[in-house]
Structure formats: C-alpha cells, structure tokens
Amino acid sequence: MLKARVITALVLLAGLLSALFLLPAVGWLVFSSLICALAATEWASMLGFSAVMRRLYALLLGGLCLAMGLVAGLHKDAMIAPFAVGPVYAVSAIFWLLCVPFWLRAKWRLPESAAAPLIGLVLLLPPSLAIAHLRLLSPWLLLGVMGAVWLADIAAYFVGRAFGRRKLAPSISPAKSWEGACGAMLAVTLYGLACISYWGSLKGFALLPVALLLLGFTGLSIIGDLFESLVKRQAGVKDSGTLLPGHGGVLDRIDSLTSTLPVVALIALWMAR
C-alpha cells in the first residue's frame, strides 16, 4: 500500500505540475472541469445513485463548470478578475463559514431528496472554477495555496501522532486531534508569512491580520476535511472512490480544497476591485 501511495503521489504531482505550467488557459479550464466531473461521480456514488445517474450527474456538473468558465472568461489568458463567478464563490463561502460548522456539530445527515445533489453542486462547482481562476492570476499562487492545504494535512498528521491526546471530532474522524490542528495552524502560518516575505513584503500589511487570515484558512481546510469524513462515515465507505491507488478517490484528495479555494478566490476578486 505504501508503494502504491508513493507511486500514485509522484505521478499525480508530475501530471499536476505539467498541466499547471504548460496548458493554455482553455486547456486548464477543461482540466478543472474534468476534476469537477470526476469528483461529482464520487459524490453521486456516496448518495447511492445508479451508474447511469452518476454519469449524468458528472456530465451535468462538469459541463456546467466548463460553460460557466467560458462565460466568465476563464479560458482567456488575459482575464484577471472574472467578477461573474463572484456570486458562486459567495454562496460557497456562506455554506462553509455559516452552515457546515453547525452541520458538523449536529452531525446532520444528507437529505434524501434533490437537496443532496444541490449540496454537491455547492461543494464542487466553486472550487473547480476557483482552480481555473487562481491559475490565471499566477500558477505559483495556485500552487502556493494548494501547498498550504497539503502542509496543513501533513503537519496535523505528524504533530497529532507525536503529541495528540485530545480528540478533535472522535465520532467523525477519530484520528484527528486538537494538537494536530494546532500544529497545522502553526505550520501554515509560518509558511504563509514566509511566502509573503519572499514574493512581496509585509510592509503593506499588518502582521496580525495576515496571521489571523492564515489561521482561518487552516481552520477552513480542516472543516472541509471533516465534512467529507462525515459524509463518508454516513455513507458507510472508507474512501470516496478507487480511482487513485493508495489514495482513494478524487474527492479524497480535494476535500480541504473545496472549502478553501473559493474563499481565496473571493478575496482575490475583492482585492481586484
């Protein structure tokens, strides 16, 4: 299993970096839409959809992502501020900041109605558009944001294993601890401040607000991870899919990105006003 995980991770990283730096904007938008479609297939599977309905749902979300990206101009290399997708990011931010924390606390189950596919839409469409949007600003910016999420996950794992005593959400994800969460927040804050210092300067920013934003970013990534863990537990599955050997499914790899990328993209739009 470890060998499979390492090989899959190396292949994924090579493919991601190649696409990130070599594809034209329209190609990257298609790539983002494909990620949306693959994740939608796994979401539909956890909802118990039939094979035909899973394909139709994936086609719908992937096609919607591509269509909205084209309308917003995310296929144009010169596009910097696609304000047309702002409302999509705003809905996502409201969902993650105001709804999901209460959802996790109450451990609500996904509704057995049309609301569950709509939740999948809110879950998957905004981050897929944000992937296309942030890459237009800079491939390094998108890679940096994704790197922060990966660092949070790694730091939480190792700090939790070394020092974890108090469970963060034992009925949702028993392996996670408050110590691991604190380790993730510290690691991401140091990483973020180092990146800002390297690429720009902290002179134009107050150190405390930036640090608070980084702490909030890390907390949001943890919430995204916990939300998918809750859905998987309720669906009775260990992984969202089997597409990635040793890593589960696509949704398993982007769970924390679903909550963080739309908020980062929304902040980028606000700064571009």
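What you see below is based on every heavy atom in this structure, not just the backbone, and it leaves out hydrogens, waters and symmetry mates. Remember, predicted model here, so these are calculated numbers, not experimental data.
Here S177 pairs with nothing under the side-chain hydrogen bond (donor to acceptor under 3.5 Å, both in side chains) rule; sequence neighbours left out. Annotation: side-chain hydrogen bond (donor to acceptor under 3.5 Å, both in side chains) contacts of R166 (sequence neighbours excluded): E179. Here W108 pairs with W103 under the ring-ring contact (aromatic ring centres under 6.0 Å, His included) rule; sequence neighbours left out. F95 pairs by the ring-ring contact (aromatic ring centres under 6.0 Å, His included) definition with F227, not counting sequence neighbours. Evaluation of the side-chain contact (heavy atoms from CB on, under 4.5 Å) rule for I94 yields L98 as partners, not counting sequence neighbours. For E42, the side-chain hydrogen bond (donor to acceptor under 3.5 Å, both in side chains) partners at least two apart in sequence or on another chain are S240. In this structure R161 satisfies the side-chain hydrogen bond (donor to acceptor under 3.5 Å, both in side chains) test together with Y157, sequence neighbours excluded. Here D255 pairs with nothing under the salt bridge (Lys or Arg N to Asp or Glu O under 4.0 Å) rule; sequence neighbours left out.
The shortest non-hydrogen separation linking K76 to L136 is O-CD2, 3.5 Å. The two residues P262 and P127 come nearest to each other via the heavy atoms CG-N, 3.6 Å. Annotation for A84 and P87: closest pair O-CD, 3.5 Å, computed over non-hydrogen atoms. The nearest pair of heavy atoms linking A169 to L226 is CB-CD2, 4.1 Å.
Applying the side-chain hydrogen bond (donor to acceptor under 3.5 Å, both in side chains) definition to pairs two or more places apart or across chains, none involves residues 57-74. Listed by first and then second residue, the ring-ring contact (aromatic ring centres under 6.0 Å, His included) pairs that reach into residues 58-90 are Y89-H133, sequence neighbours excluded. Residue pairs meeting the ring-ring contact (aromatic ring centres under 6.0 Å, His included) criterion with at least one partner in residues 9-42, sequence neighbours excluded, are F21-W140, W28-F31.
R135 pairs in a side chain to side chain contact (heavy atoms under 4.5 Å, CB included) with only one of the listed residues (L141, L23, L143), which is L23.
Applying the 4.5 Å side-chain rule to ILVMFWY residues, one finds Y191 in the same cluster as L151.
Shown here is R54, whose CZ atom has more than 12 heavy atoms of other residues, nucleotides or ligands within 6.0 Å. The neighbour count for F158 CZ, taken as heavy atoms of other residues, nucleotides or ligands under 6.0 Å away, does not exceed 12.
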